[in-house]
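Quantities reported herein were computed from a predicted structural model and do not represent experimental measurements.
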Amino acid sequence: MYIPMIFFSITIEKRKLTPEQQEAKYQQEQAIALWEEKKHQIAAQFPEYCIR
């Protein structure tokens, strides 16, 4: 049975972000990076066997 290839084509559009959304995304990335850095600093204070 012939199935037209149009059913298999996927179009991915890049979402346009508003300046507010761009700023919120940037702040979120910065907060995550800060949290990861703090987590790493705390983990570095203890021997490896103390960390689950």
Enquirer: Between CG of Leu17 and CD of Glu23, what distance do you get to the nearest 0.5 Å?
Expert: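 One finds 12.5 Å between CG of Leu17 and CD of Glu23.
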
Enquirer: Filter on side chain to side chain donor-acceptor pair (under 3.5 Å), then keep only pairs touching residues 32-41, sequence neighbours left out; what's left?
Expert: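 Sorted pair list: Glu37-Gln41.
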
Enquirer: For Lys16 and Gln21, which heavy atoms make the closest approach, and how far apart are they?
Expert: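 In terms of heavy atoms, the two residues are closest at O-OE1, 4.0 Å.
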
